[in-house]
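Counting from 1, the numbers follow the sequence of the chain as shown.
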Amino acid sequence: MKTPNDPSTRRAEMRAIRWLSLTHAFGIGLFALLMAAFFWYLRTVEIDQQKQALYRDVASAQTALRRELRDDQDEVGLVAEEWITRARRSPAAASKAIEDFLARRASAVYLVLVDANGRVTWSGHARGVVPIAARMRGAAIADPAGAEALAEIRQRQRPVFTRPFSSPASDVLIELHAPVYDDSGFTGAAIVGYSLNRMLGGSLLQTIRDRYQLSIVDRDGNNLVSSSLFEIDLAHLSYELPLDPPGHGVRLRAFAYDMQPHLIDRSLVVAVIGLSLAILATLVMLWRHARRRLFAEYERDRLFTLSPDPLCVFELDGALVRGNPAFETVLGTGERRRRIERWVHPDDRVQVATALAQIAEPGASSASFEARFRARDPSRAALPIAGDDTLPDDTGTPPAWRWLHWSLRRDADADAPRPLLYAVARDVTERRNAEQALAAETAFRQAMEDSMLTGMRAFDMNGRISYVNRAFCRMVGFEAHELVGSLPPYPYWPPGSTEANREILARVLRGEMPASGFEVKVRRKDGSLFDARMYVSPLIDRQGHQTGWMTSMTDVTEPKRIREQLAAAHERFTTVLDELDAAVSVVARPLDGSSDQAELLFANQMYRRLFGADSRRHESLLAARDAELADGPSEIFDATLGRWFEVRSRQIRWVDGSAVEMLVATDVTRRRDIEEQEREQDRKLQRTSRLVTMGEMASSLAHELNQPLTAIANYCMGLSARIRARAAAGEPIPPDEMLAPLAKTAAQAARAGEVIRRIRNFVKRSEPERRRCEIAAIVADAVGLAEIDARRLGIQVITRMPAQLPPLCADPILIEQVLLNLLKNGIEAMREAPAGRPRVVTLAIELADGHAGFSVTDHGNGLSPDARERLFEPFFTTKAEGMGIGLNICRSIVESHKGRLWAESPAGGGCSFRFTLPLAARVTTVADTVDTADTA
């Protein structure tokens with residue numbers, strides 16, 4: 001079933017209206033077409049008649065002009081010789097004949113006679129014509145048109161016309177040149193000048209000039225002369241013909257004037273046109289009336305059909321007569337005779353019945369009411385009413401309701417057999433919901449204002465309080481009715497501050513208070529005071545006009561106390577930082593990381609005293625630290641101040657959350673001087689320790705040196721005795737007998753020299769020097785010195801180390817001192833070793849993790865727990881004659897080389913001292929080892 005809103009239905013209705021309107025339009029168009037065809041036919045016949053008349057008249061004018069010019073051409077050609085002859089013999093007779101010719105030719109304005117050289121010998125002009133200087137007696141024919149014509153008649157030997165040219169009197173002329181010949185040849189010519197204006201004015205009939213605008217044009221269409229002073233922009237009819245003579249492309253052109261017919265001829269046309277227009281107007285008005293009526297009916301039906309609001313017709317008792325589609329969409333199928341109460345919510349039926357009763361009373365014409373009606377479409381429904389399921393809809397679902405505002409209008413026709421009510425309903429559910437939401441919003445805002453901790457106060461431009469919220473009343477202790485409407489001085493102003501508060505209020509009213517707010521003292525109703533911070537903003541109405549000021553007040557007593565405490569804490573913190581011996585600074589770098597615009601955010605007193613308030617010193621110290629590639633603290637020398645600083649830096653978060661850089665520079669110049677002195681003392685102590693060691697080994701060294709020296713003496717004495725014995729016997733000594741003793745003597749001397757070299761290298765004074773050195777060489781020197789005592793005591797020193805060892809980066813003398821001290825301690829520990837233990841001191845070297853590990857192990861009595869705890873303390877010793885500084889110096893030497901020294905107790909007894917040193921470079925370890933043993 002098609003609905004009124006169906007597109008096909010709408011297209012059918014519009015098609016019917018268009019066809020009905022087109023019947024009237026077709027009649028009007030047909031009548032107008034017939035009248036237009038009739039008038040077109042009349043106009044075409046009239047124009048054809050005018051064309052025929054134009055062609056005849058122009059041809060007649062052309063014939064008249066050509067005939068006149070040809071007659072003159074023939075006549076002048078015949079009498080030219082006679083005129084020239086008379087002019088020579090009797091000028092008076094020639095003048096009379098020429099004047100008669102000019103008088104008979106209205107278009108001729110002058111006549112001149114020229115000789116064979118083209119010079120004027122006689123001239124005559126028509127009456128009223130201004131003479132032309134170029135055609136006066138004695139003048140030469142030199143203008144282009146005249147010279148060209150003279151040349152042409154010499155060649156053609158017959159009269160010719162020149163092309164048109166302009167005269168000084170603003171006239172357009174043509175000339176007729178007639179040659180004269182005798183037995184001697186060309187003797188001259190007669191020249192007649194014609195005015196084209198006179199030619200058009202005198203040679204043509206007046207009737208032709210009245211009906212047409214005649215003009216003579218050149219070959220390019222340029223207008224030379226015209227019979228009318230006014231140009232016709234748009235010609236009704238035009239026609240042109242060539243004019244020869246004079247030739248040269250000259251043409252005669254005619255424009256037909258638009259001649260109006262006489263009134264009697266046009267009366268019938270006017271009557272026909274008037275009647276036609278009257279009939280046409282009548283048809284148009286009928287067509288427009290019918291069209292408006294059709295569209296009015298169509299729009300009325302469409303309005304009823306397409307209205308989004310329910311439209312319906314009721315009887316006075318509320319029975320439905322008719323409803324539009326919107327009525328059916330909102331309330332369901334509109335069954336005839338169904339009463340309106342069937343759709344109304346039970347709680348609103350009394351209201352609807354009252355409205356129907358009021359409009360049914362005599363004299364009543366309209367009524368309105370709002371009520372809830374059952375909705376057909378659940379998607380358009382409001383919330384269902386809880387507990388009301390007595391009115392199910394057509395689908396059996398629980399009813400849902402919408403608020404509708406009804407406007408009723410009673411039929412004004414009192415004679416109607418059955419009075420009707422015309423009703424329109426507007427869905428106001430959204431408005432009702434908006435009102436409820438607005439009420440809820442208002443209640444929420446009021447609750448929010450009452451729950452605010454910030455006091456709000458509004459006053460007008462005169463300072464009269466117009467509003468205070470609950471928080472404001474709670475702060476000051478006054479009720480709202482005690483404050484609203486009051487003028488300064490306000491009851492919460494403290495005593496004695498009225499003038500100051502009046503000044504503040506005046507500044508507020510002038511709008512001079514800062515946006516950051518201001519602090520004031522406020523008195524409570526009980527007389528107590530508190531600190532408050534107020535913020536003021538203009539109060540603007542809907543029209544954009546300021547009506548007063550809005551003030552927010554916050555109790556800042558506690559925040560102010562906390563702020564003062566923070567300020568005091570900040571002052572204490574700043575005091576502590578200013579009293580530090582270190583320079584502390586904080587710098588913020590720009591986003592691009594450049595140091596040119598680094599901002600110094602903080603600098604303590606020490607920084608400002610040393611470097612001033614300049615961030616560049618911060619950057620220079622940091623750059624020097626970075627140049628050393630140090631991750632931790634580093635010591636930097638400041639050449640400007642001549643001081644050493646220990647520089648530490650780290651990234652921190654500033655108070656605004658941005659990343660900044662803090663730098664702490666501590667003056668360590670004095671500490672470095674003390675450390676340098678300590679290092680010098682250590683060097684002296686180490687050398688002293690080496691000298692002490694040599695002193696302790698003096699007897700052993702003397703014994704060690706005595707043996708090779710004694711052997712050398714014995715060898716020398718034996719060799720001397722042998723030489724003397726052989727000398728006494730007179731026998732020579734064979735060289736072989738002398739070489740063996742000498743070789744033994746040299747070996748003993750080398751042995752003594754090696755002992756002396758080792759002693760000298762060990763005890764000589766030298767500056768500490770760390771360099772690449774071979775482990776095997778250091779071990780050999782240390783073992784060589786230690787074996788002197790070991791052999792004397794019958795102790796064996798065994799060395800175990802890889803065949804190939806990487807070099808160390810160390811001071812070889814200091815490492816040799818450590819090894820010798822440990823070996824010497826191990827040898828001395830073996831003096832009182834229990835019987836049965838091996839009398840062996842082992843020096844072992846191992847490689848692991850980039851380090852060389854050294855261990856010196858003896859088989860003595862070992863260390864007691866107390867001795868183990870105090871082993872490396874200065875001046876602690878377990879020997880009766882020891883000084884207690886050897887192991888302490890050894891540990892200092894090892895730790896200065898970034899190594900570690902410690903002691904262990906092996907499972908088999910004795911003691912083992914171990915220390916590690918970093919290698920200069922990593923090498924592959926060879927597993928095989930070499931054992932060496934020397935027995936004293």
Quiz item: Would you call Pro164 and Val250 a side-chain contact if the rule is heavy atoms closer than 4.5 Å?
Solution: yes

Self-check item: Sequence-distant partners of Asp74, side-chain hydrogen bond (donor to acceptor under 3.5 Å, both in side chains), two or more places apart
Solution: none

Exercise. Quick one: list whatever passes salt bridge (charged side-chain N to carboxylate O under 4.0 Å, His left out) with Glu81, sequence neighbours left out.
Key: none

Practice problem: I would like to know whether Ser365 and Arg409 meet side-chain contact (heavy atoms from CB on, under 4.5 Å); could you show each step before the answer? | Solution: CA-CA 6 Å; Ser365 61; Arg409 175 71 64 174; 3.9 Å; yes

Run the side-chain donor-acceptor check on residues 144-152: report pairs under 3.5 Å with partners two or more places apart or on a different chain.
from	atom 1	to	atom 2	distance (Å)
Glu148	OE1	Arg163	NH1	2.2
Glu152	OE2	Arg156	NH1	2.5

Quiz item: Does Leu243 reach the side chain of Arg66, with side-chain heavy atoms less than 4.5 Å apart?
Solution: yes

Practice problem: Any ring-ring contact (aromatic ring centres under 6.0 Å, His included) involving residues 56-98? Give me the pairs, sequence neighbours left out, ordered by first then second residue. | Solution: Trp83-Phe101

Quiz item: So, for Ala80 and Ala190, which heavy atoms are closest and what is the spacing to 0.1 Å?
Solution: CB-CB, 3.8 Å

Exercise. Evaluate the side-chain proximity of Pro246 to Leu69: yes if any heavy-atom separation is below 4.5 Å, no if none is.
Key: yes

Exercise. Please round to the nearest 0.5 Å and tell me the distance separating atom CZ of Arg219 and atom CZ of Arg251.
Key: 11.5 Å

Exercise. Tell me, please, which residues at least two apart from Arg510 pass salt bridge (charged side-chain N to carboxylate O under 4.0 Å, His left out).
Key: Glu503, Glu512

Quiz prompt | Pair Ser195, Asn197: side-chain N/O donor-acceptor within cut-off below 3.5 Å | solution = no

Quiz item: Under the side-chain hydrogen bond (donor to acceptor under 3.5 Å, both in side chains) test, which residues partner Asp182, sequence neighbours left out?
Solution: Ser184

Practice problem: Apply salt bridge (charged side-chain N to carboxylate O under 4.0 Å, His left out) to Arg431 and list each qualifying residue two or more places apart in sequence or on a separate chain. | Solution: Glu370, Glu435

Quiz item: Is Arg135 close to Ser123 at the side-chain level, that is, under 4.5 Å between some pair of heavy atoms?
Solution: no

Quiz item: Out of Ile191, Thr121, Val180, which one pairs with Leu113 under the side chain to side chain contact (heavy atoms under 4.5 Å, CB included) rule?
Solution: Thr121

Self-check item: Distance-minimising heavy-atom pair for Ser307 and Leu311
Solution: CB-CD1, 3.7 Å

Practice problem: Spell out, as yes or no, whether a donor-acceptor pair under 3.5 Å connects the side chain of Thr282 to the backbone of Ala278. | Solution: yes

Quiz prompt | Under the salt bridge (charged side-chain N to carboxylate O under 4.0 Å, His left out) test, residues paired with Asp171 that sit two or more places apart | solution = none

Exercise. Would you give the length of the straight line joining atom CE of Met550 to atom CG of Leu539, rounded to the nearest 0.5 angstrom?
Key: 7.0 Å

Quiz item: Going by heavy atoms in the side chains, are Leu200 and Leu252 under 4.5 Å from each other?
Solution: yes

Quiz prompt | Worked verdict on Trp549 versus Met461 for side-chain contact (heavy atoms from CB on, under 4.5 Å) | solution = CA-CA 7 Å; Trp549 297 89; Met461 302 300 292; 3.9 Å; yes

Quiz item: So, do Val330 and Asp427 sit near enough that their side-chain heavy atoms are less than 4.5 Å apart?
Solution: no

Quiz item: What residues form a side-chain hydrogen bond (donor to acceptor under 3.5 Å, both in side chains) with Asp183, not counting sequence neighbours?
Solution: none

Quiz item: If every non-hydrogen atom of Leu509 is compared with every non-hydrogen atom of Asp460, which pair is closest and at what distance?
Solution: CD2-O, 4.0 Å

Quiz item: Which atoms form the tightest heavy-atom contact between Pro179 and Phe186, and what is the distance?
Solution: CB-CE1, 3.9 Å

Practice problem: Kindly indicate whether the side chain of Arg70, heavy atoms from C-beta on, has any atom under 4.5 Å from the side chain of Pro245. | Solution: yes

Quiz prompt | Any donor-acceptor N/O pair, Asn324 side chain to Asp309 backbone, under 3.5 Å | solution = yes

Quiz item: Atom CG in Asp48, atom OG1 in Thr44: separation rounded to 0.5 Å?
Solution: 8.5 Å

Quiz prompt | Residue list, ring pair (Phe, Tyr, Trp, His ring centres under 6.0 Å) with Tyr422, at least two apart or on another chain | solution = none

Self-check item: Pairs flagged by salt bridge (charged side-chain N to carboxylate O under 4.0 Å, His left out) wherever residues 100-126 is involved - sequence neighbours left out
Solution: Asp72-Arg105, Glu75-Arg104, Glu75-Arg105, Lys96-Asp100

Quiz prompt | Nearest-0.5 Å distance, OG1 of residue Thr187 to OH of residue Tyr181 | solution = 9.0 Å

Practice problem: Assign the ring pair Phe161 / Tyr194 to parallel, tilted or perpendicular, where the plane angle (0 to 90°) is split at 30° and 60°. | Solution: tilted

Quiz item: Looking at side-chain heavy atoms only, is the closest gap between Ser238 and Arg253 below 4.5 Å?
Solution: no

Practice problem: Report the distance from atom CG of Leu214 to atom CZ of Phe255, rounding to the nearest 0.5 Å. | Solution: 10.5 Å

Exercise. Kindly write out the residues that satisfy ring pair (Phe, Tyr, Trp, His ring centres under 6.0 Å) with His125, not counting sequence neighbours, or none if the list is empty.
Key: Tyr110

Exercise. List the steps, then state whether side-chain contact (heavy atoms from CB on, under 4.5 Å) holds for Ile141 with Val120.
Key: CA-CA 7 Å; Ile141 305 300; Val120 178; 3.9 Å; yes

Quiz item: Side chain of Asp541, backbone of Gln543: donor and acceptor closer than 3.5 Å?
Solution: yes

Practice problem: Compare every heavy atom of Ile84 with every heavy atom of Ala189, then report the nearest pair and how far apart it is. | Solution: N-CD1, 3.9 Å

Self-check item: Verdict with reasoning, Val225 to Met199, per side-chain contact (heavy atoms from CB on, under 4.5 Å)
Solution: CA-CA 10 Å; Val225 294; Met199 189 176 297; over 6 Å; no

Quiz prompt | Closest approach of Leu173 to Ser167 (non-hydrogen atoms, all atoms of both residues) | solution = CD1-CB, 3.6 Å

Quiz item: Roughly how far, to the nearest 0.5 Å, is CD of Glu299 from CG of Leu306?
Solution: 9.0 Å

